[in-house]
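The structure appears right after this line, and notes come after that.
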Amino acid sequence: MIQQLRIYEIFERNKAAFHDRFRDHAARIMRTKYGFRIVAMWETKFGDRTGLHPWNETR
């Protein structure tokens, strides 16, 4: 099993658009093309930026 932690740093003003694109495009590609299963996703906040941390696993 392969586990992967990705970290995306996004500005607060772009957060909603980023989440929409990640959900509708990137997550779909990760699942269908590469067989990833998104296990968890969380955010951290630092100043005016937000960190998005999806954790994926695949076999």
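Sequential numbering from 1 along the given sequence is applied to the chain's residues. What's counted below: heavy atoms across the whole structure, side chains too, no hydrogens, waters or symmetry copies.
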Legend entry - Interatomic spacing from CD1 in Ile10 to CG in Leu52 - rounded to 0.5 Å: 5.5 Å
Inset, instruction - Might you point out which heavy atoms bring Ile38 and Ala27 nearest each other, and give the distance in Å? - result: CD1-CB, 3.7 Å
Inset, instruction - Give a yes or no on whether the backbone of Gly47 and the side-chain of Lys45 come within a donor-acceptor separation of less than 3.5 Å. - result: yes
Inset, instruction - Find out whether Leu5 and His53 are in side-chain contact, i.e. whether some heavy atom of one side chain is under 4.5 Å from a heavy atom of the other. - result: yes
Legend entry - Note, Met41 side chain near Trp55 side chain (heavy atom, < 4.5 Å): no
Inset, instruction - Look at atom OH of Tyr8 and say whether more than 12 heavy atoms of other residues, nucleotides or ligands are closer to it than 6.0 Å. - result: yes
Inset, instruction - Report yes if the side chains of Ile2 and Glu57 come closer than 4.5 Å at any heavy-atom pair, otherwise no. - result: no
Legend entry - same_hphob_cluster(Phe46, Ile7) at 4.5 Å side-chain heavy-atom cutoff: no
Legend entry - Aromatic centroids of Phe11 and Phe18 separated by under 6.0 Å: no
Legend entry - Of all pairs that satisfy side chain to side chain donor-acceptor pair (under 3.5 Å), the ones with a partner from residues 22-31, not counting sequence neighbours: Asp20-Arg23
Inset, instruction - Dump the intermediate steps for side-chain hydrogen bond (donor to acceptor under 3.5 Å, both in side chains) on Thr50 and Glu43, then the final yes or no. - result: CA-CA 7 Å; Thr50 299; Glu43 292 184 0; 5.0 Å; no
Legend entry - Sub-4.5 Å side-chain heavy-atom contact between Met30 and Asn56: yes
Legend entry - Any Phe22 side-chain heavy atom under 4.5 Å of Pro54 side chain: yes
